[in-house]
Each structure stands twice: as C-alpha cells, then as structure tokens.
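Read through the structure below, which is laid out as structure tokens, and then see the notes.
This structure is a prediction, so every number in the text was calculated from the model and none was measured. Residue numbers run from 1 in the order of the sequence given.
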Amino acid sequence: MQHHGEYKVVGGKLVVVDLVSEQGIITHASVNGDFFLEPDEALDDLNRALVGLPTSATHSAIREAVTSGLREGAVMFGFDAEAIARVTRRALGHATSWTDHDWEVLPPQIIPVAEQPALDEILTRQVAAGKRKPTLRFWDWDQSAVIIGSFQSLANEVDMEQANAHGLRVLRRISGGGAMFMEAGNCITYALYTPDSLVDGMSFADSYPYLDAWVMQALAELGISAHYKPLNDIATDAGKIGGAAQKRLANGGLLHHVTMSYDIDAQKMSQVLRIGREKLSDKGIASAVKRVDPLKSQTQRSRSEIIDTMVRTFIERTGATVATLDEETRQEARELAASKFLTDKWTARVP
C-alpha cells in the first residue's frame with residue numbers, strides 16, 4: 001500500500017512523507033518538504049528510521065526511532081522529530097488534518113449561560129461518537145456569570161459575596177484552566193469540538209496554537225498581531241486578550257475553547273475573582289486590571305463585526321458550512337445543566 005501525508009509545522013516548514021507498506025510494515029519511506037537539514041546525508045537517516053516500523057506505530061515510537069536514527073551533529077531547521085511522527089501518523093490514517101474533516105459552524109445564539117458548558121460536553125461527545133460533524137460554536141448569553149475551571153477551588157477563585165452582589169451566576173466547566181468572567185457582550189467565547197485525531201501526538205502546549213491558527217489570521221485582518229504566551233494565554237504587545245482551555249475525553253473527543261475579552265469591566269472582575277499575587281507573579285504586573293486589554297480598545301470594531309470576521313476566516317480556511325442547533329440537543333443541554341452544571345455538588349466539587 002502507498003501512503004501520503006503532509007503537515008505544516010506551526011511557525012515552521014512543510015513536511016511531507018510518502019510511504020509504502022506491506023503486511024503492516026513500512027518498507028519504503030521518503031521524507032521531503034521545504035525544510036532545512038544539515039548535512040544532506042541526514043535525509044537518508046530519516047528515511048531509514050521509518051522503514052521497518054509497523055503501520056500501527058505510536059507517535060512516540062516514531063519520534064524515538066527518528067531521534068535515535070539521526071546521525072550525531074545533524075541539525076533540523078523548521079521541523080523536528082515530532083513533525084515527522086505527526087506526518088507519518090497522518091499518512092497511515094491515524095492522525096488527521098483540518099481538511100480531512102467536514103466542518104460546521106454554529107453562529108452566536110443566545111442560550112442560558114448554564115446550558116453553555118452543558119452544550120460543550122454534549123457536542124464533544126456527539127462528535128466523538130460520529131453523530132455530529134466537527135464543529136465550531138460561538139457562545140452567546142444574556143446572564144452574567146463566572147465559569148471556573150474543572151480543577152479550581154471555588155472558595156479560592158471566587159468571592160461569592162461579590163458575585164452575588166453583582167448578580168453573577170457561578171458555574172464550573174469540564175475543562176481545566178482559569179476562571180471566565182462573562183457579562184453579556186463583554187467577551188467573545190468559542191468552542192471547537194473535534195476528534196482528537198486532529199491533535200494526534202501533540203502536547204497541550206503544541207495543540208493550542210495549532211487549533212487557533214485560524215483565529216490568529218482573523219485577528220490579523222482586524223489589525224491585531226496576536227501570539228500565544230505559554231501555556232494558554234493569547235496576548236498582544238498591549239496585554240492579554242484571552243485564554244484557552246481543553247478537555248480530551250476518553251471516547252476520542254476533544255473540546256477546545258477560548259474566551260477573549262471584548263469590553264470587560266476589569267475593576268468588577270478583580271472584585272469578584274480572587275486573582276492572587278502568586279498567579280500574577282510571572283506576569284510582571286501587580287494587578288489583573290493592568291493585565292487585560294480588551295479587543296474593543298484595540299480594534300475599535302463592534303463585537304459582532306469581530307465575530308463575523310472570525311466566522312468568515314474559519315469558513316475560508318476549512319470550507320465549513322453554517323448550521324443550527326437541533327431541538328433534541330438543546331433539550332439534552334437543559335437536562336444536563338439541571339442535573340449537573342447547576343448543582344452545588346458539581347460547582348463546589350473542589351470547595
């Protein structure tokens with residue numbers, strides 16, 4: 001059998017691999033692309049490293065074979081052993097690229113805020129089960145809330161007296177990461193639901209910029225030069241504009257979501273969230289108010305215009321089609337919100 005795979009390294013070069021396999025073993029390999037490699041003879045090392053591997057080889061097994069097979073002193077520019085493992089897994093059908101999937105987009109639709117994390121869980125499971133196409137969904141809501149990460153302590157993260165005084169509902173989501181301060185219209189939140197084959201072999205750190213390359217393009221069109229600040233902050237020279245979080249389910253589903261500040265009330269946020277000095281210690285600042293710089297001030301564009309640009313960019317890059325949420329899924333989200341996300345047992349599971 002012949003196999004072909006391609007992978008563009010984020011911030012790097014295109015890596016291509018052409019393979020031949022017989023009875024589950026790679027018998028011929030050709031690694032190629034627009035990368036740089038010294039010395040020339042090291043290309044033979046890369047090809048030899050792949051020959052003899054089973055077509056079921058894991059990402060780590062391929063990476064280790066490449067690393068151990070490369071001659072001493074060889075230097076790879078614009079790619080690495082991780083990239084070769086990823087493109088090999090793609091060629092063999094274990095990993096996928098954006099273009100391997102038929103994408104849908106769910107534009108903003110005002111939905112009760114307690115149903116938003118419920119929908120994230122449900123839609124991720126639906127995609128993993130093959131009941132729904134991989135999907136990008138934009139949240140929209142009309143009730144103020146704080147949504148904390150799966151592993152955050154409720155007492156340590158939220159001043160409940162202040163939250164109640166400001167009429168904020170406090171919820172917990174299934175993904176890790178930090179708290180999301182969400183008043184109606186003050187931020188832009190989107191979620192990707194995809195098979196985890198899209199990030200096969202990727203660490204969380206590598207997958208964040210890979211999954212958000214499309215939004216970086218959209219922001220660039222809006223005049224914003226954004227970048228990832230490890231691990232999961234999206235920032236510009238003016239300050240932080242957002243943060244990402246993920247959840248990888250055992251059934252093969254991946255939830256990746258991002259919240260970006262649009263017109264956030266940083267003073268109110270600092271009253272409600274207990275953002276301590278330890279969290280800010282590596283940010284070079286003493287106040288969360290100074291840390292966040294909203295999209296509104298950086299673009300002078302409306303929130304809807306920014307979201308429209310993001311939707312258009314995603315569609316142009318992936319060929320996605322616009323879809324709507326079905327009532328059955330909406331009802332399932334209502335039920336899950338009531339049985340899980342609105343309960344003290346879940347919200348205070350880390351007290």
How would you list, by chain and number, every residue that makes a side-chain hydrogen bond (donor to acceptor under 3.5 Å, both in side chains) with [X], sequence neighbours excluded?
X      : value
Ser175 : Arg173, His257
Thr99  : Ser97
Asp326 : Arg132, Thr329
Ser225 : none

Does anything in residues 142-167 form a ring pair (Phe, Tyr, Trp, His ring centres under 6.0 Å)? List the pairs, not counting sequence neighbours.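 Counting only pairs at least two positions apart or across chains, no ring pair (Phe, Tyr, Trp, His ring centres under 6.0 Å) contact touches residues 142-167.
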Pairwise ring pair (Phe, Tyr, Trp, His ring centres under 6.0 Å) hits with a residue in residues 330-351, at least two apart: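 Counting only pairs at least two positions apart or across chains, the ring pair (Phe, Tyr, Trp, His ring centres under 6.0 Å) contacts touching residues 330-351 are Phe341-Trp346.
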Non-neighbouring partners of [X] that pass salt bridge (Lys or Arg N to Asp or Glu O under 4.0 Å), sequence neighbours left out:
X      : result
Glu335 : none
Asp265 : none
Lys13  : none

Tyr210 ring centre to Arg86 NZ or CZ under 6.0 Å, with the angle to the axis within 45°?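 No - Arg86 does not lie over the ring of Tyr210 by the 6.0 Å and 45° rule.
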By ring pair (Phe, Tyr, Trp, His ring centres under 6.0 Å) - contacts of Phe35 (at least two apart):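 Partners of Phe35 by the ring pair (Phe, Tyr, Trp, His ring centres under 6.0 Å) criterion, ordered by chain and then number, come out as Phe79.
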Residues in ring pair (Phe, Tyr, Trp, His ring centres under 6.0 Å) contact with His256, at least two apart in sequence or another chain: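 Partners of His256 under the ring pair (Phe, Tyr, Trp, His ring centres under 6.0 Å) test: Tyr208.
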Ring-ring centroid check Tyr193 Trp103, cutoff 6.0 Å: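 No.
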Side-chain cluster (under 4.5 Å, hydrophobic types only) that Ile147 belongs to, other residues: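 Grouped by the 4.5 Å side-chain rule, Val113, Trp139, Trp141, Leu171, Met180, Met182, Leu342 form the rest of the cluster around Ile147.
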